[in-house]
J.: 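Quick one: this structure, given as C-alpha cells, is what I'll be asking you about.
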Number of protein chains: 2
Amino acid sequence: MTTEEKIFNAARIVFQKKGFAGARMQEIADQAGINKAMLHYCFKSKQLLFEAVFMNAFSQLAPQINEIFNSDATVFEKIRKFTHSYISFVIVNPYLPPFVIQEMNNNPEFVMSFLNHKNKPNPTPLLAQIEKEIADGIIKPIHPKQLLLDIFSMTVFPFAAKMMVKGIIQLSETEFNEMMEERKTSIAETIINSIKK
Amino acid sequence: MTTEEKIFNAARIVFQKKGFAGARMQEIADQAGINKAMLHYCFKSKQLLFEAVFMNAFSQLAPQINEIFNSDATVFEKIRKFTHSYISFVIVNPYLPPFVIQEMNNNPEFVMSFLNHKNKPNPTPLLAQIEKEIADGIIKPIHPKQLLLDIFSMTVFPFAAKMMVKGIIQLSETEFNEMMEERKTSIAETIINSIKK
DNA sequence: ATCTTTGTTAACCAAACGGTTAAACCGAAC
DNA sequence: GTTCGGTTTAACCGTTTGGTTAACAAAGAT
C-alpha cells in the first residue's frame, strides 16, 4: 500500500467518523502511521483531502442509484433489486450514508456544484416508466417523484439516522441488524403492496 | 428578550447550521450581538451551551413522537395524525431533524445517556396495538417495528437529507416544498394502502 | 562519483480557538 | 451621592489548529 493510499484510508475513517469540521489532520496522520507533513505533501490541504474522500464515497453510492435509474426491468423488479442491493452494500459500509448526508447539508454549495459536473444520476427515464405503467394499469395512480422518494426514504433513513432510530424504537444492535436484513425484501413488498392494482 | 435568550437563540442558529464541531463561540456572540465573555458568564462552556440547545431541540420533537405512541386512536388514525402534524411542524423548523440526527450520530454516548433519563418515548403500547389489530384482521401481518420504522423513514428522511434528495431526484426548492405539502397526507395513504386488508 | 528527483521527518509558525480576568458599567437601595 | 450587586466588556492567555520549512535519506540519472 502506497503512502498516498494509507493517508486516504486513514482520512476516510476519520472524516466519516467526525465530519469535516471535527476531523483533525494530526489524527489522520496518526491513523495512517505517518508524519503530518506528508498529508500536505500528498494532498495539499485539508479541504482537498476531504474532497477526495467525499467524491470517492459518493461515487461508491452512485452505482446503487444508477441501478434503479438505468436498466430495462419493470418498476417492481427495479424496486426489489435496488432495495436489496443498496441495503446489502450499506450494511458493509454503514458510515457512508450519514457522512454523505451530513456533509451535503453542511456544505451544499460545494456538493451541488460537484453533483452537476460528475456522476449526475438522471431520474427522468424511470419517472417516465412509472407514468407509463400507471397508464397501462399496472400501478395505481401516484406521483412518480413521491414514489421515488418513498423508496429512498425507507431504504436510506435507518442507516442515516441509526442512533436516533435505535433510541426511539428501542433496538439493540442485534435487533437493528436483524431488521436491516429483513428490510432487504420487506421494503419492496411494502411499496409494491401499496401501489399494485 | 433577556441576554440569556439572545445567546440561546444565536447558539441555536449557529449550532444547527454548522454542528457542534463547526460552530465558533465568536460567531455565536456576533449573532447574539454581545461580547464573547457573556457566553461563558451565562453558559459556562461550549459543551453546556450546546447541550442546552440540543435538549431544547429534542424536546420540541418529542411531542410529535408521543402523539403516535400515546393516544387511544386506531393505528390508521395515529399514522394519519402523526405524519400530518410532524411534517407541518418540520416545515416550520427545517433545521431540527438534520441537527438532531447529525449530533446523535457524532455523539452517541452523550445522547443515549440523556435519552435514557429524559423524555424517553415508549413505543411498547403502540407495538402491542399493532399486533392486536393484526390479530383482529384489520391489518395485514407485518412486524410492528418495521411498520414504525417505515413511518418514521418516509416522514423524516426528506428533511434529514434535503440536499441529497433535491440533488438526486432533481427538485427545485419550490418543487420540494410542494412535495412536502402533499406528503402530509400521501405518506399515510401509502402506508395504510399497503397494510390494510 | 555527483547531481537531481522524490519521499519523509522534526521542528517550527501564525492564526484561530475556547476560556479567563480585571476593570468598567449601571440601576437600585440606603 | 455613595455603596453594592449583578451585568457587560476589552484585553489577555494557553492550547490547538492547519500549514510551512529546512534538513535529510533513498534512488535513479548523468
Side-chain angles (χ1 to χ4, degrees), chain A residues 1-57 95 99 102-111 113-114, chain B residues 1-57 99 102-111 114:
Chain A
M1 188 160 51
T2 69
T3 301
E4 197 166 316
E5 287 169 340
K6 281 196 283 187
I7 293 174
F8 185 87
N9 288 334
R12 206 184 52 211
I13 291 169
V14 175
F15 276 132
Q16 287 180 359
K17 189 147 77 185
K18 313 226 168 161
F20 177 79
R24 301 288 158 235
M25 295 297 269
Q26 186 60 59
E27 189 180 349
I28 295 173
D30 294 345
Q31 176 80 31
I34 51 103
N35 189 283
K36 183 166 66 98
M38 280 303 291
L39 304 186
H40 297 91
Y41 180 76
C42 292
F43 287 91
K44 202 73 186 162
S45 73
K46 185 185 183 184
Q47 180 69 31
L48 289 173
L49 177 55
F50 171 80
E51 289 180 12
V53 168
F54 184 88
M55 291 198 191
N56 173 267
Y95 277 110
F99 172 66
Q102 171 173 327
E103 300 304 330
M104 281 190 82
N105 281 329
N106 288 348
N107 223 327
E109 62 289 345
F110 153 64
V111 176
S113 74
F114 131 81
Chain B
M1 189 162 47
T2 69
T3 301
E4 198 164 324
E5 287 169 341
K6 281 196 283 186
I7 293 175
F8 184 87
N9 288 334
R12 205 183 52 211
I13 291 169
V14 175
F15 276 132
Q16 287 180 359
K17 189 147 78 185
K18 313 226 167 160
F20 177 78
R24 302 288 157 233
M25 294 297 268
Q26 186 59 60
E27 189 180 349
I28 294 173
D30 293 345
Q31 176 79 31
I34 51 102
N35 189 282
K36 184 166 64 100
M38 278 304 290
L39 303 186
H40 297 90
Y41 180 77
C42 291
F43 287 91
K44 203 73 186 160
S45 72
K46 185 186 184 183
Q47 180 70 31
L48 288 173
L49 177 53
F50 172 80
E51 289 180 12
V53 168
F54 184 87
M55 291 196 191
N56 173 267
F99 172 65
Q102 170 172 327
E103 300 304 331
M104 282 190 81
N105 282 328
N106 288 348
N107 223 325
E109 62 289 346
F110 154 62
V111 175
F114 131 81

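The figures here come from the full heavy-atom set of this structure, side chains too, leaving out hydrogens, waters and symmetry mates. Reminder, nothing fancy here: chain letters follow the sequence lines and each chain counts from 1.
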J.: On DNA chain C, nearest-nucleotide positions of A:E4 versus B:Q47: which is more 5'?
T.: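 So the residue in question is A:E4.
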
J.: Between C:dT8, D:dT9, D:dG6, which nucleotide has the shortest distance from any of its atoms to the side chain of B:Y41?
T.: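 Per side-chain heavy atoms of B:Y41, the pick is D:dG6.
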
J.: Please tell me if B:R24 has a side-chain N or O lying less than 4.0 Å from either OP1 or OP2 of C:dA16.
T.: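 Checking C:dA16 against B:R24, no side-chain N or O comes under 4.0 Å of OP1 or OP2.
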
J.: Taking atom P of D:dA25 as reference, at what distance in whole Å does atom CG of A:N35 sit?
T.: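 One finds 15 Å between P of D:dA25 and CG of A:N35, rounded.
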
J.: Rounded to the nearest 0.5 Å, how far does CG of B:N107 lie from NZ of A:K18?
T.: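 Between atom NZ of A:K18 and atom CG of B:N107 there are 10.5 Å.
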
J.: I would like to know whether A:Y95 and A:I13 meet side-chain contact (heavy atoms from CB on, under 4.5 Å); could you show each step before the answer?
T.: CA-CA 9 Å; A:Y95 277 110; A:I13 291 169; over 6 Å; no

J.: Measuring to OP1 and OP2 of D:dT8, would you say a side-chain N or O of B:T3 lies under 4.0 angstrom away?
T.: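 Yes, within the criterion.
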
J.: Within the structure shown, what part of the strands sits under 4.0 Å from B:M38 by heavy-atom distance: base, sugar-phosphate, or nothing?
T.: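 Base, at least one base atom sits under 4.0 Å.
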
J.: CD1 of A:I7 to CZ of A:R12: how many Å apart, nearest 0.5 Å?
T.: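 Nearest 0.5 Å value for the CD1-CZ distance: 14.0 Å.
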
J.: Answer with base, sugar-phosphate or nothing: what part of the nucleic acid does A:A21 contact at a heavy-atom distance below 4.0 Å?
T.: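 Nothing, no nucleic acid heavy atom in range.
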
J.: May I have the distance from B:M25 (atom CE) to D:dC13 (atom P), rounded to whole angstrom?
T.: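 Going from B:M25 (CE) to D:dC13 (P), I get 20 Å.
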
J.: Starting at atom CZ of B:F50, determine the distance to atom P of C:dG19, rounded to an integer number of angstrom.
T.: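 After rounding, the gap between these two atoms is 14 Å.
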
J.: State whether a side-chain donor-acceptor pair under 3.5 Å links A:E5 with A:N9.
T.: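 Side chains of A:E5 and A:N9: no pair found under 3.5 Å.
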
J.: Mark yes or no for a side-chain to base donor-acceptor pair under 3.5 Å between B:K46 and C:dG19, with no hydrogen or angle criteria applied.
T.: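 No.
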
J.: Taking the side chain of A:H40 as heavy atoms from C-beta outward, which of D:dG19, D:dA10, C:dG18 is closest to it?
T.: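 Ranking D:dG19, D:dA10, C:dG18 by closest atom to the A:H40 side chain puts D:dG19 first.
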
J.: To the nearest Å, give me how far apart CD1 (B:I7) and P (D:dT9) are.
T.: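 My rounded result for the distance is 9 Å.
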
J.: Just the rounded figure in Å: distance from P of C:dA10 to CG of A:L39.
T.: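 For the pair A:L39 CG and C:dA10 P, the rounded distance is 13 Å.
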
J.: Out of C:dG18, D:dT9, C:dA10, which has the shortest distance to the side chain of B:K36?
T.: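 Given the options C:dG18, D:dT9, C:dA10, the side chain of B:K36 is closest to C:dG18.
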
J.: Could you please name the option among C:dA10, D:dT9, D:dG19 that lies closest to any side-chain atom of B:I34?
T.: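 For B:I34, the side-chain atoms sit closest to D:dT9.
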
J.: Keeping A:E27 on the side-chain end and A:R24 on the backbone end, is there a donor-acceptor pair under 3.5 Å?
T.: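 Such a contact is absent between A:E27 side chain and A:R24 backbone.
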
J.: The side chain of B:A37 lies closest to which of these nucleotides: D:dT20, C:dT21, C:dG18?
T.: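 So the side chain of B:A37 is nearest to C:dT21.
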
